[in-house]
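Below is one structure, written out as structure tokens, with a few remarks after it.
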Amino acid sequence: MSSATGSLRTIYETGLRNQHAVENQAIELLERQVGRLENYPEMASRMREHITESKEQASRLEELLAALDTSHSTVKDTMMSIVGNLAALMHAPAPDEVIKNTFANYAFEHFEIAAYKSLLTLAELTGDTRADRLLHQSLLEEEAMAQWIDRHIAQTTRTFVALSEAGETAGR
Ligand SMILES: [Fe+2]
């Protein structure tokens with residue numbers, strides 16, 4: 001193995017590990033929101049679906065890391081500043097948290113879309129052919145979630161206004 005290959009492999013492995021940490025952060029952030037959305041049942045149900053998908057995405061990354069057969073094959077998420085920054089986008093209970101979290105969720109999904117596109121390129125450069133199908137599946141799920149959020153920004157805003165005028169919150 002040349003040093004260039006070695007370094008490419010390290011970049012790829014680091015990318016897989018980082019995305020694994022992002023997925024676990026995504027699961028945590030979605031779980032935190034989903035319990036406070038009783039007035040937004042459609043959103044709550046789409047989020048539950050994406051929690052399940054995110055768990056599968058994390059498993060796929062574990063599978064790819066295991067196949068790399070590295071010295072540290074167990075996946076242990078390290079604290080990443082980027083994940084901390086993404087988490088900071090999420091808002092604590094506040095009257096308009098559903099609106100602000102919509103922006104944050106939309107940004108988060110796009111972070112993940114970019115990450116999977118980059119991982120797909122790294123997998124190709126590394127010659128990890130079986131990664132292509134798995135990473136592509138995850139990419140499609142992130143894109144579908146981003147599109148769902150996009151299509152619901154207007155309705156979420158309208159519902160928020162209607163509930164606010166009726167003196168209600170997102171629900172708890
Ligand atoms: Fe994800």
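One-based numbering, in listed order, for ligands and for the atoms of each. All heavy atoms count here, side chains included; hydrogens, waters and symmetry mates do not.
For Q57, the nearest N, O or S atom to the Fe ion (ligand 1) falls under 2.8 Å.
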### Message
Apply salt bridge (charged side-chain N to carboxylate O under 4.0 Å, His left out) to residues E109 and R46 and explain how you reach the verdict.
### Response
CA-CA 14 Å; E109 289 308 321; R46 186 61 181 91; over 6 Å; no
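Ring pair Y106/H110 is perpendicular by interplanar angle, where above 60° counts as perpendicular and below 30° as parallel.
At a cut-off of 3.5 Å, with distance as the only test, no side-chain donor of E53 or Q57 sits close to an acceptor on the other residue.
When all heavy atoms of Q19 and Y116 are compared, the pair lying nearest together is NE2-CE1, 3.3 Å.
The Fe ion (ligand 1) lies closest to atom OE2 when only the N/O/S atoms of E142 are considered.
Rounded to 10°, the angle formed at the Fe ion (ligand 1) by E112 OE2 and E23 OE2 is 70°.
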